[in-house]
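Scope of the values below: all heavy atoms of this structure, side chains included, with no hydrogens, waters or symmetry mates. Order of listing sets the numbers, starting from 1, for every ligand and every atom in it. Positions are given from 1 along the sequence.
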Amino acid sequence: MKGQMHVPFNAPTFLGGEMDGIRQAIANGHISGNGFFTLECEKYLEALVGVKRAFLTTSCTHALEMCGLLLDLRPGNEFIVPSFTFVSTVNALALRGATPVFVDVRPDTLNLDEEAVARKVNARTKAIVAVHYGGVGCEMTRLGEIARQHGTAIIEDNAHGLTGKYRGQPLGTFGRFATLSFHETKNVSCGEGGALLLNDEADIERAEILREKGTNRSKFFRGQVDKYTWVDVGSSYVMSEILAAYLGVQLNAHERIQARRRAIWNLYRERLQPWADKQGIQLPYVPPECDQPYHLFYLILPTLEDRQALIAHLREAQINAVFHYQALHASPMGQRFGGLPGDCPVTERLGDCLVRLPFYFALDEAAQNRVIDRVLEFKVR
Ligand SMILES: Cc1ncc(COP(=O)(O)O)c(C=O)c1O
């Protein structure tokens, strides 16, 4: 259809004040990391989530890599991950030579199936990675029990879920480690960025060193040591002040961003639920014990053909809807780790049948209603 406005899947949130923040960072004469804005964002996150320490990083991927380093993962170690996740959840730890053990997800929340975790955990398991899909919390009570019984660390990959809660407790406070993403697709963003959240005091000093190329540079700048030297392995995971300034403006406005996203999510749910029920299409499920951050709105169609037909139907109207994770255990790399197609049937079905609708801060009601009207025209085969 000609003349219709394109509705993208995502548009990065831009509030306006970000430019002032960036100008200020430049005026401060400090655009590398660990300056005024970085510290402000870290303090803000520590208070908002309620963790012992937050470190801004260059990405969520890098924050996950730091978890692998802090755990001293090595060949022979295993870690349990959902097959339904982003590659970084696995790669970041596999980089240390540890072996991923893929488990399936629950068909309701699309989160780690905690009973499948209980079956796979063993003496080699060094970490269980709980990915809170769409910021809806995993079954943290049960996962916590399993981890305690086996002396295994929990890493919360909370790339989607800043401000999400499980039984009233913020996501990011359950594991020894948690990670956040500020990639442009996330609710609060700075283009590319992330954070490592620490709940164990004992990890703080080493994390700071790992993030600073294995040096005690941060201690030196605080005047705590008189020499700046190489003390450990490490890498370059510090976020630039320019990005931290941008991020700080969005963090301060997170309630305004959330309020708009809640309205978008609720309108999708309200207008699509009756249509979805009639056609056997599954919409997001948020258990009563979870507070979600309204990060995603997805539909699970009965078949791959239906999903592809819906994407094409929306594309004809200049609307961009996209699928999500493809089963990692069945990918070429996953199979090198022993994964076999058929191992995780729920994940495989989601790879084929799930589609996400346009969802971003600046999505106005007229454009959203146009998306919904077009979806409502669609019939499964
Ligand atoms: C569950 C999950 N973990 C990690 C990441 C990686 O985030 P980043 O792009 O900040 O490295 C993503 C990316 O969207 C993700 O969906």
Side-chain donor-acceptor pair present, Asn187, Arg261, cut-off under 3.5 Å: yes

Any side-chain heavy-atom pair of Thr99 and Phe79 under 4.5 Å: no

Geometric N/O contact Ser88 with ligand 1, under 3.5 angstrom: no

Proximity winner for atom 3 (N) of ligand 1, if only heavy atoms of Asp157, Asn158, Thr185, Leu296 are counted: Asp157

Selection from Gly134, Ser189, Ala159 by shortest heavy-atom distance to atom 2 (C) of ligand 1: Ala159

Nearest-neighbour protein heavy atom for atom 5 (C) of ligand 1, which is reported as residue plus atom name and distance: Phe86 CD2, 3.4 Å

Distance filter under 4.0 Å to Gly193 heavy atoms, resulting ligand 1 atoms: 10 (O)

Heteroatom distance test (Tyr325, ligand 1): nitrogen or oxygen, under 3.5 angstrom: yes

Pair His324 + Phe86: ring centers closer than 6.0 Å: no

Those atoms of ligand 1 less than 4.0 Å from some heavy atom in Thr89: 3 (N)

Whether Phe174 and Tyr166 hold their rings parallel, tilted or perpendicular, with breakpoints at 30° and 60°: perpendicular

Within-cut-off N or O pair, Lys186 and ligand 1, under 3.5 Å: yes

Geometric class of the Phe84/Tyr325 ring pair [parallel <30°, tilted 30-60°, perpendicular >60°]: perpendicular

Distance from atom 11 (O) of ligand 1 to nearest protein heavy atom, with residue and atom: Thr61 OG1, 2.5 Å

Atoms of ligand 1, numbered as shown, that sit under 4.0 Å from any heavy atom of Thr85: 1 (C)

Sidechain N-carboxylate O distance under 4.0 Å for Arg307, Asp352: no

Under-4.0 Å heavy-atom contact with ligand 1, by part of Phe84 that carries it: neither

Nearest-option assignment for atom 7 (O) of ligand 1, heavy atoms, candidates Gly191, Cys60, Ser59: Cys60

His160 to ligand 1, any heavy atom closer than 4.0 Å: yes

Polar side-chain atom of Glu65 near backbone of Arg96 as donor-acceptor pair, under 3.5 Å: no

Taking atom 10 (O) of ligand 1 as the reference point, the nearest protein heavy atom with its distance: Ser181 OG, 2.8 Å

Ionic contact status for Arg176 with Asp203, cut-off 4.0 Å: yes

Side chain to side chain contact (heavy atoms under 4.5 Å, CB included) partner of Phe55, chosen from Ile204, Val238, Leu45: Ile204

Proximal atoms of ligand 1 relative to Val131 (non-hydrogen, under 4.0 Å): 1 (C)

Asn252 side chain vs Val249 backbone, donor-acceptor pair below 3.5 Å: no

His183, any N or O under 3.5 Å of ligand 1 N or O: no

